[in-house]
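This one's a predicted model, so the numbers in the text were calculated from it and none came from an experiment. Residue numbering restarts at 1 for every chain, and letters A, B, ... go by the order of the sequence lines.
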Amino acid sequence: MDKLTPSQWKVINKSYEPASTIKVIAGPGSGKTLTLLYKVLHLITVENIKPEEILIFSLTNKAVDSIIENLLSIFENSHTNKEIVHQIGCYTVHGLANRIVVENEGMINIIEEIGWRGLMKLLPPSKRTPHHFRSYKELEKVVKDYKLNNAKNNNPVIEKLVELMDNCKVMTNDDLIIRAKKYLELDSSDSDASSFTQDLHNKYKVVLIDEFQDLYPSLAPLITMICKGKQLIMFGDTNQSIYGFLGSNNEIMSQLDNLHPKNFTTVLKLFDNFRSTPEIISLASKIINRPLAEKQIIDDTDETPSELVRKLPSGVSPQIMTFDDLAAESEFIIDKITQLICSSAKFSDIAILSRTNSHLTAIASILKKYGIPYQKLKSQPDWMDDLRIQFLLDILKVCSLASDEKHNREFNTGDKWQSNFSILVTMSALKGIGDASIQALYKACGLKNLSIWKYLTMVPNFEWPLGLSIKKKMENYTSNLYEMIENDQVHQLDDPMELLEKVASITNNLNLNPTYFQSLSDAQSSLEFKTHLQEMAQVMKVSKSNKPPGISFVKWFLETYFDQTMVFHQSQQALQTTGPGTVKLSTIHSAKGLEFPIVFLTNGSMSNFPMDTNALYVGITRARNLLYMCNMKHERLVSKSSPYSRSIMSNNLFWTYYNKDLNRSVCDVKVTHGYNVQRYNQLRKNFGFYRAYSSLRGCKSVFRRI
DNA sequence: CGGTGAGAACTTTTT
DNA sequence: GTTCTCACCG
């Protein structure tokens, strides 16, 4: 604990007081996380706050994971019981909202791409009307606008969609926040046993918010409600605000700033930068147009209100480069990685950050080609965003929900058919089913006051307002699902594998629209689907093993698969840390809060729109020692370095600095230099650098020998 | 029917 | 910053 600086101590020692606010402004590398952790420790050990009275918020799953991980290690070091960490509430804002809503109304549906596309089928087909959308995202926007100023705009079509969403418990993420707030208001005090919702009112005394610059206006109602009257401690840095596309950060911040009276509000700053080299910091300062920090300090007593550089110059400046195409860019990256590895860097020191996920996927396939071990830093596993898998899950939902509703067939309990949404979504994905058929069918169901499933199974097909070929397709749909729903098979199938097999075979029998799903005949995509299926099956098995009695497996799985997947995914990622290490791949957005000794920032040469200043700033400040930038289009960035420079390999001074910075042994840097160059040339020859890109095959396994 | 200018989308996250 | 669409004009 003696490592802490005076400004960090100031934050930690600020005493506990109900209904007060501490706002900590903390630049990159200023030890924000460390300060937050010691603040928690201080609250518990000195201020006598119980761990279960502390609530920690962040926006991304990754941030939450890293906080929990760090808490565990810090409590272990301070000889306190590690168990108390698990009593501290640590959530993403949405995770907490989800918990509140599910506690109050059971299984809900978060709408995504397939869902929106299904809803689009219910819109009138006429062009040149306000209801003609180019993509589902436009519909998403219109629905959002509609909800925002509800009464004002009188739009019957959208109104009906919203009604359908309500009936089927389909929500957007913004809805989740609003609902959660509603339940918090409702609950207020009286009710019975202790629930999660009530705990938020009564139990917590201190709320810590990590990365406050990431908050956006639609979160405000819930957050202010939770924080009011408690001690609010928030950490952040407005220069790193990269979620502007979700709404203004200033708006919610002014609400939070005014939550408690002025004289109960303290603003503190953490100045120092312990992370990056002066070379990197000066580039970062240039990007955000901040005066350069010249002062370098060595002793801890000094405190000046400007950024202070803690590290000595490394002698190596960031490299800024432009490439014409992906091939040239990736060749540079591979070559550079080879050089670094042949000096004293490890794979695990290197991170490649990109602005888009798609570019990241492209990079990943290139690394794979060369046999360079890599790991995608994603909070969700790949299979979760495979549309084909999502379709399977929707089929499962149809079966489960329709089967439940079957029992109230005679007693019409109003018009809330929760299965309707999933049915619409899955039917819309069928080949040859167009908007008109869906709408005609939906209207007919409305007239009879039946759910779509009941209509299709009870009303004789000559009454259906559909063409002959469409009728056939609908019958194919129902007959495929009939056994599962009407014979309750979906609830009886207790074995995950059998269930999955059944659903997969149903899907196979349905003739799906290829615009929704890339053709399965494509060998690579079919292989991908297979791996995703296997990964999903694994989670199903885990889910089966912890299923409580008295609930069918499908229901349990559908209600919990998201959480279970996350837990499973995290444990898998943790396992991969052994071995020669891996190059980390991540979007800049997900890399927030992390740091790496060596960072490559890349931006596919195809995507032309310029880099957002703050995102670039975040990317640059992830780097401790070395920084390479490819195709970063930004006005204050001038491309200069030669791409094929190999000077880094012979820069002994730098590698000594580097190893010292990472607390590694430095003795053998000089001795091995000759050998390093030899090794590099060997690898280069194996890879066939500077030849046509397409000839670079069979390069696998070269790196495995390292 | 073809040319032109205006405006929007592209991307990043949350269960 | 580039690319596409749509309304409008001659």
> Using the P atom in both, what is the distance from dT3(C) to dT13(B), to the nearest Å?
Replying inline: 25 Å

> Base, sugar-phosphate, or nothing for Lys141(A), non-hydrogen atoms under 4.0 angstrom?
Replying inline: sugar-phosphate

> What one-letter contact string describes nucleotides 10-15 of chain B from 5' to 3', where B marks a base within less than 4.0 Å of any protein heavy atom, S marks contact via sugar-phosphate atoms alone, and - marks no contact?
Replying inline: BBBBBB

> Of the non-hydrogen atoms in Phe323(A) and Asn631(A), which two are nearest, and what is the gap between them?
Replying inline: N-OD1, 2.7 Å

>> Set out, in order, the CA-CA distance, both residues' side-chain angles and the distance that settles ring-ring contact (aromatic ring centres under 6.0 Å, His included) for Phe600(A) and Tyr628(A), then state yes or no.
In response: CA-CA 5 Å; Phe600(A) 288 84; Tyr628(A) 299 95; 5.0 Å; yes

> Is there a side-chain hydrogen bond (donor to acceptor under 3.5 Å, both in side chains) between Gln564(A) and Asn546(A) once you walk through the steps?
Replying inline: CA-CA 10 Å; Gln564(A) 304 225 23; Asn546(A) 56 29; 3.2 Å; yes

>> My understanding is that only residues two or more places apart in sequence, or in another chain, count here; which of them pass salt bridge (charged side-chain N to carboxylate O under 4.0 Å, His left out) with Lys555(A)?
In response: Asp404(A)

> Which residues pass the side chain to side chain contact (heavy atoms under 4.5 Å, CB included) test with Lys547(A), sequence neighbours left out?
Replying inline: Asp494(A), Ile551(A), Phe553(A), Trp556(A)

